[in-house]
Novice: 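Structure in structure tokens, see below.
Numbered from 1 within each chain, the chains take letters A, B, ... in sequence-line order. Model, not experiment: these values are computed from the prediction.
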Protein chains: 2
Amino acid sequence: MHSCVSSVPIFNHLEKEQMAEIMDMVQSLIYKKGEILYHAGDPSDSLSIVNKGKIKIYRLSESGKEQLIRILHPGDFTGELALFTETIHEAYAEAMLETHVCIIKRADLHTLLLRYPTISFKILAEFAARLEQSEKQTTNLATEKVEKRIALYLIECLGEGKDLKQPQEIKLPMTKKDLASYLGTTPETISRKLSDFEEQGYIEQKPQNKMKVWGHALAELTR
Amino acid sequence: MHSCVSSVPIFNHLEKEQMAEIMDMVQSLIYKKGEILYHAGDPSDSLSIVNKGKIKIYRLSESGKEQLIRILHPGDFTGELALFTETIHEAYAEAMLETHVCIIKRADLHTLLLRYPTISFKILAEFAARLEQSEKQTTNLATEKVEKRIALYLIECLGEGKDLKQPQEIKLPMTKKDLASYLGTTPETISRKLSDFEEQGYIEQKPQNKMKVWGHALAELTR
DNA sequence: CGGGGTGTTGATGGACGTCAAGCCGGGTGG
DNA sequence: CCACCCGGCTTGACGTCCATCAACACCCCG
């Protein structure tokens with residue numbers, strides 16, 4: 001039990017005894033598909049680490065539209081925003097399927113950070129990476145047309161080290177509806193653009209949100 | 001000299017002797033208007049704290065458009081993104097006028113954070129706030145029309161505690177060109193929408209990017 | 001006084017959001 | 001195991017928001 005502690009990036013550099021200490025502070029929880037971990041407006045007093053499953057983080061805009069921010073996979077954590085600023089959550093977190101999480105209370109976390117400053121480094125690195133990612137997303141939304149945003153997303157899905165010259169099969173990690181929300185567009189437009197891509201020979205669509213992708217061809221689009 | 005250390009949020013909770021220690025690690029620099037602090041692609045090996053002046057942080061999109069991310073005022077810092085992740089800068093930083101900054105090398109900062117873990121809390125809080133802000137901006141870009149984004153921005157300019165019922169005079173902290181870049185639109189559109197607002201009696205434009213704003217009227221628009 | 005960058009205004013077209021109708025697939029309950 | 005049904009997805013027609021291009025006014029700075 002509590003196996004999450006040893007497998008989580010922010011802790012896995014510690015010694016065994018230290019991990020044992022952390023495990024005592026940790027609480028385990030299971031959410032069913034569709035369950036909400038927290039609402040916008042909830043006070044935020046704990047850090048949640050995903051152990052198994054998937055969680056989607058989204059916001060509601062002023063006008064009530066849902067905007068997907070990020071999907072958490074095992075090893076990822078959330079609670080960040082309000083944990084260090086004494087405010088409330090501004091986002092929503094929902095389990096996409098049965099999901100196991102470990103929870104650490106804010107007070108316990110503070111104790112830990114004081115005792116083991118290296119944990120702070122890990123969290124700082126994670127925050128910096130997310131900030132980077134978020135700003136990139138902002139820039140894409142602000143300056144690129146939908147077609148390019150979709151192309152960039154697909155290329156991102158291919159992963160880093162891959163050889164773009166070979167077509168690769170990928171599976172979208174979410175529904176097209178969610179993808180639309182993430183990319184700031186509509187399901188209709190996603191559908192149409194993907195058909196276009198297919199017509200142009202950039203991709204080949206398969207059932208269940210899978211597709212074969214010619215990365216180097218798509219990359220042309222993003223010029 | 002090095003007065004920045006004592007006036008900066010991330011350090012000002014420390015004792016006098018500790019501050020003295022920090023001052024030894026700090027280096028002072030002055031940039032002239034238009035000078036670049038760093039380019040995208042530069043290795044990032046120091047934290048810069050603004051002491052006096054203004055710095056604008058922007059990115060170039062895939063297609064080469066400039067996107068304004070944020071403006072740093074005295075007390076703000078930058079360098080964050082790459083400082084903790086061993087990567088390179090992805091953004092540009094440019095002095096908007098003569099600007100004094102204090103610099104701490106990455107290695108020195110790490111030493112500090114290990115010795116005084118409370119500094120990490122301050123930085124974590126700042127990162128969390130920026131992340132929050134960045135995600136909100138993303139959501140606005142993804143889901144709101146230009147008119148609403150502008151209205152929301154103006155309301156933000158009014159500041160928090162103010163009484164929306166009274167018209168207030170504000171001065172935009174940047175040119176309309178930069179504002180357009182920040183809000184993901186064009187100077188032409190900004191100009192037109194502000195004229196619209198004026199016609200509707202929501203604002204009254206004055207020279208030098210100043211204007212009188214009826215906050216509660218604008219707030220209606222954001223429904 | 002002159003010039004470069006900012007700001008304004010107009011005309012135009014294209015990208016994409018919206019509404020509507022229908023399809024399909026898989027999850028549920030009988 | 002089949003039938004149903006709901007939600008996701010697709011396709012089409014249509015309208016509109018806003019970027020783009022171009023021309024010019026403005027204003028601060030040198």
Novice: For K145(B) and dA19(D), give me the distance from atom NZ to atom P, rounded to whole Å.
Specialist: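 So the two atoms are 12 Å apart, to the nearest Å.
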
Novice: Rounded to whole Å, how long is the line connecting atom CE of M211(A) with atom P of dC9(D)?
Specialist: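 Computing the M211(A):CE to dC9(D):P distance gives 11 Å.
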
Novice: What residues in residues 182-194 of chain B put a non-hydrogen atom under 4.0 Å from any atom of DNA chain D?
Specialist: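 Listed by number, they are G184(B), T185(B), T186(B), E188(B), T189(B), R192(B), K193(B).
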
Novice: Let me check something: any side-chain donor-acceptor pairs from residues 183-195 of chain A under 3.5 Å, sequence neighbours excluded? List them with distances.
Specialist:
unit_1	atom_1	unit_2	atom_2	d
T186(A)	OG1	T189(A)	N	3.3
T186(A)	OG1	T189(A)	OG1	3.1
S195(A)	OG	S191(A)	O	3.0

Novice: Write down the distance between CD (Q205(A)) and P (dC23(C)), rounded to a whole number of angstrom.
Specialist: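 Rounded to the whole Å, the gap is 19 Å.
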
Novice: Could you tell me how far apart R149(B) (CZ) and dA19(D) (C1') are, to the nearest whole angstrom?
Specialist: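 Value for this atom pair: 12 Å.
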
Novice: Using every non-hydrogen atom in the two residues, find where I71(A) and D76(A) come nearest and quote the distance to one decimal.
Specialist: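 The answer is O-OD2, 4.1 Å.
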
Novice: Will you find, in the side chains of T78(A) and Y38(A), an N or O donor that is under 3.5 Å from an N or O acceptor?
Specialist: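 Yes, a side-chain donor-acceptor pair sits under 3.5 Å.
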
Novice: How many whole angstroms separate atom CD of E198(B) from atom C1' of dT9(C)?
Specialist: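 Answer to the nearest Å: 15 Å.
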
Novice: Checking E144(B) side chain against E62(A) main chain: does a donor-acceptor pair fall under 3.5 Å?
Specialist: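 It does hold such a pair.
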
Novice: If only side-chain N and O atoms of K148(A) are considered, is one of them under 4.0 Å from the OP1 or OP2 phosphate oxygen of dC16(C)?
Specialist: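 For K148(A), the contact criterion (side-chain N or O under 4.0 Å from OP1 or OP2 of dC16(C)) is not met.
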
Novice: Would you tell me if any nitrogen or oxygen in the side chain of T175(A) comes within less than 4.0 Å of OP1 or OP2 on dG7(D)?
Specialist: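 Looking at the OP1 and OP2 atoms of dG7(D), neither is under 4.0 Å from any side-chain N or O of T175(A).
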
Novice: Under 3.5 Å, is there a donor-acceptor pair between the side chain of T99(B) and the main chain of L97(B)?
Specialist: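 Flag set: sc T99(B) to bb L97(B) pair under 3.5 Å.
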
Novice: As an exercise, state the distance from CG of L68(A) to CD of E94(A), rounded to the nearest 0.5 Å.
Specialist: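 Answer rounded to 0.5 Å: 10.5 Å.
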
Novice: By the 4.0 Å heavy-atom rule, please label N209(B) as base, sugar-phosphate, or nothing.
Specialist: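 Touches sugar-phosphate only.
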
Novice: Taking N or O atoms only and anything under 3.5 Å, show me the protein contacts with nucleotides 28-30 of chain D, one pair per line.
Specialist:
none

Novice: Does K33(B) have more than 12 heavy atoms from other residues, nucleotides or ligands lying within 6.0 Å of its NZ?
Specialist: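 It does not: K33(B) NZ has 12 such atoms or fewer within range.
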
